[in-house]
Amino acid sequence: MDADVLIVGAGPTGLMLARELGLAGVRTLVLDRLPQPSETPKAGGLSGQILQLLRYRGVLERFEAARTAPSPPLRLPFRLPFGGMHVDFTPLAVPPMELLPLPQPLLERVLAELALELGAEIRRGREVVGLSQDDATVTADVRGSDGADRVTARYLVGCDGSNSRVRDLAGIPFPGITYAEVQRLAVVTVPDSVTVLDNGDIDVAGVGRISFGFTRTEGGEFALGSTKPELMGLYTSEDETADYDDDEPMTVTELRDSIRRVLGVDLPLGEPTRLTRFTFHDRLAERYRDGRILLAGDAAHLFPAPGVALNAGLIDTVNLAWKLAAAVHGWAPAGLLDTYHDERHLAGERTLLHTRAQVALRRGHDAAAEALRELFQELMADEQPLRRIGALIAGTDIRYPIPNPNDHPLTGTFAPDLTLRTDQGAGSVSELLHTARPVLLDLANRADLREIARDWQHRVDIHTAGTDDRPADALLIRPDAHIAWAATIDEPTAAAAVALREALSGWFGTPLKATVPIIDRPS
Ligand SMILES: Cc1cc2nc3c(=O)[nH]c(=O)nc-3n(C[C@H](O)[C@H](O)[C@H](O)COP(=O)(O)OP(=O)(O)OC[C@H]3O[C@@H](n4cnc5c(N)ncnc54)[C@H](O)[C@@H]3O)c2cc1C
């Protein structure tokens, strides 16, 4: 056996998975067909729930420190593109999401360092070209410049991007839509002939004024934005059927031609700091698992809107890693690994819902489409729908399927980062999850519940703490920071004990004492 888990693809998803598996003590081997890490500046940063998760792991500072430009570590998004418009979160005192601008090559560098520190092995220039699996192992045929070999592991995860060979070899369908549309994104310095006005519009010598935000024309869409006063963010979208390779760089000439076709003007461009393009797809793998083969990241889903793909892919890995580790270490309760598909496919459907809705909002050019956009903007002036859209984009509104409809309302949701008072001083939920071990958090000095959890203390950490306005008497938190079970305030021992035992054995396997009945994962 070459590894416990073979990860195909050393992009953001594969590297994050390698670190999460490393935290759980699993031996990983990561293979990538490219001889060197890609320098293509695809995503411009991280956003949404993954930032909270990285804080829970205690590594967010590593990503902040990797940024070359001195700017505030986390930016609260004031205006976020959504369906060819901007959603303005500035009226909210507590915004529903954060952003961490960080070019993808830098992001991948940090993720690779974190994975290597926990023992992952990364081999580059190795392409997976064949797969087979039996009851105990999965074997990959690998091709490299120095010849071919075979690698065997207990499980294999395809983190090999949108054209996933693993997905094809496993025979997993990838249904969805490809839109005959190419989007181009660029950031360039502001040339001398352009003046940036106070409201974000630009005045171009010999051309006139061009508005901040989205402009629709017969030729397509153009958008002007800015991350800094000295930079112009530019975007075009045109109906095109050409099939581009996302890794093939876009040139300034290609961008200039596209702007001319859409806006009808020659826009002077300064020095580019980012030049990228992509074709638009929405796709969701039919299954995230086939026996010992699993999919994560772009291999599992493609969403037709910017700013959501990385969040979705990295959260996939956090959900998967501890379950895969349980299977590798031999204590996974029945059905545990299948909950990866159940939970993350559901999350993928939710993301597809809003990204597809954005396509409908954005692409219409007639009066009815204008009316739809106007109505949407009107709704976004109110706090509640604004929060709801923010949570959708951030992926924080997802509640994983719960075993019992009467479960505590927190079950299946992401654990809030409560401030905790302990004998050792102040703390927080996020600090308890640095090691990615499950936690029973007793918030009401419930010795009865702690006593039950003690039978699982080989797998579950037990903490007692006080907190203001406690949401529950106790929380059982999974390694991916989702709540597996919660006790209502003053819940009688008899009822709480049955449900807690069920949740502990359902999620974390056999107790230490053989006297406690073993229950399969709640279904
Ligand atoms: C222009 C552009 C802009 C984007 N902007 C954003 C954004 O702002 N926000 C956002 O969240 N997302 C954005 N994305 C999407 C984001 O880049 C992807 O979601 C992300 O790269 C997916 O990561 P991944 O690790 O799943 O796949 P990838 O990054 O595609 O990595 C897959 C890896 O697998 C390797 N591989 C493939 N096949 C094999 C094989 N057979 N054997 C071995 N290795 C293999 C590849 O070499 C690659 O390194 C953008 C994408 C593009 C193209």
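Just the heavy atoms: all of them, side chains too, but no hydrogens, waters or symmetry mates, feed the values below. Numbering of ligands and ligand atoms starts at 1, following listing order.
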**Q** Ligand 1 versus Pro12, non-hydrogen atoms closer than 4.0 Å: side chain, backbone, both, neither?
**A** both

**Q** Below 4.0 angstrom from a heavy atom of Thr276, which ligand 1 atoms are there? Numbered from 1 as shown, please.
**A** 1 (C)

**Q** Check whether any side-chain heavy atom of Leu337 lies under 4.5 Å from a side-chain heavy atom of Arg289, and answer yes or no.
**A** yes

**Q** Is it the case that ligand 1 has an N or O less than 3.5 angstrom from some N or O of Thr13?
**A** yes

**Q** Does only the side chain of Gln104 get under 4.0 Å from ligand 1, or the backbone, or both, or neither? Count heavy atoms.
**A** side chain

**Q** With heavy atoms under 4.0 Å as the rule, classify the contact between Val166 and ligand 1 as side chain, backbone, both or neither.
**A** neither

**Q** Could you tell me, atom by atom, which parts of ligand 1 come under 4.0 Å of a heavy atom of Cys159?
**A** 32 (C), 33 (C), 34 (O)

**Q** Just let me know how Val8 lines up against ligand 1, side chain, backbone, both or neither, with a heavy-atom cut-off below 4.0 Å.
**A** side chain

**Q** I'd like to know if Arg363 pairs up with Asp239 as an ion pair, taking the criterion as any Lys NZ or Arg NE/NH1/NH2 lying under 4.0 Å from an Asp or Glu carboxylate oxygen.
**A** yes

**Q** Using side-chain heavy atoms (C-beta onward) and a distance below 4.5 Å, is Arg277 in contact with Glu254?
**A** yes

**Q** Does Phe414 have its ring centroid less than 6.0 Å away from the ring centroid of Tyr56?
**A** yes

**Q** Below 3.5 Å, can you tabulate the donor-acceptor pairs from side chains in residues 103-113 to any protein atom, sequence neighbours excluded?
**A**
residue, atom, partner, partner atom, Å
Gln104, OE1, Ala43, N, 3.0
Gln104, NE2, Glu108, OE2, 3.0

**Q** What part of Leu31, side chain from CB on, backbone N/CA/C/O, both or neither, has a heavy atom under 4.0 Å from ligand 1?
**A** backbone

**Q** Just going by heavy-atom distances, which of Gly307, Pro81, Pro37 is nearest to atom 9 (N) of ligand 1?
**A** Gly307

**Q** Measure the distances from the heavy atoms of Glu108 to every atom of ligand 1 and state whether one is below 4.0 angstrom.
**A** no

**Q** For Leu15 and Ala10, work out which heavy atoms get closest and say how close.
**A** CD1-O, 3.3 Å

**Q** Would you call Arg126 a ligand 1 contact, heavy-atom distance under 4.0 Å?
**A** yes

**Q** Whether Arg344 engages the ring of Tyr288 as a cation-pi pair (distance to the six-membered ring centre under 6.0 angstrom, angle to the ring normal within 45°) should be assessed.
**A** no

**Q** Taking the six-membered ring for Trp and the single ring otherwise, decide whether the centroids of Phe212 and His86 are under 6.0 Å apart.
**A** yes

**Q** Relative to atom 41 (N) of ligand 1, which among Thr40, Val128, Leu15 owns the nearest non-hydrogen atom?
**A** Val128

**Q** State which residue, out of Asp160, Leu169, Ile293, fulfils the side-chain contact (heavy atoms from CB on, under 4.5 Å) condition with Val8.
**A** Asp160

**Q** Can you give me the closest heavy-atom contact between Ile389 and Met380, atom names plus distance?
**A** CG1-CE, 3.5 Å

**Q** Relative to ligand 1, is Ser164 under 4.0 angstrom through side chain, backbone, both or neither, heavy atoms considered?
**A** neither

**Q** When you measure from atom 8 (O) of ligand 1 to each heavy atom in Gly48, Gly44, Ser38, Pro306, which option holds the nearest one?
**A** Gly44

**Q** Quick check on side chain to side chain donor-acceptor pair (under 3.5 Å): which of Lys323, His482, Arg399 does Glu343 satisfy it with?
**A** Lys323

**Q** Give the atoms of ligand 1, by number and element, whose distance to some non-hydrogen atom of Arg274 is under 4.0 Å.
**A** 3 (C), 5 (N)

**Q** Any idea which atoms of ligand 1 are less than 4.0 Å away from a heavy-atom of Leu34?
**A** 47 (O)

**Q** Of all the atoms in ligand 1, which lie at a distance below 4.0 Å from a heavy atom belonging to Gly297?
**A** 26 (O)

**Q** Examine distances only and state if a side-chain atom of Arg256 and a backbone atom of Leu269 form a donor-acceptor pair shorter than 3.5 Å.
**A** no

**Q** Relative to the heavy atoms of Arg165, which atoms of ligand 1 are at a distance of less than 4.0 Å?
**A** 41 (N)

**Q** With backbone taken as N, CA, C and O and side chain as the heavy atoms from C-beta onward, which portion of Arg143 lies under 4.0 Å from ligand 1: side chain, backbone, both, or neither?
**A** neither

**Q** Report yes if some N/O of Leu185 lies less than 3.5 Å from some N/O of ligand 1; otherwise report no.
**A** no

**Q** Looking only at side chains, do Thr13 and Thr317 share a donor and an acceptor under 3.5 Å apart?
**A** no

**Q** Compute the shortest N/O to N/O distance between Glu127 and ligand 1 and return yes if it is under 3.5 Å, no if not.
**A** no

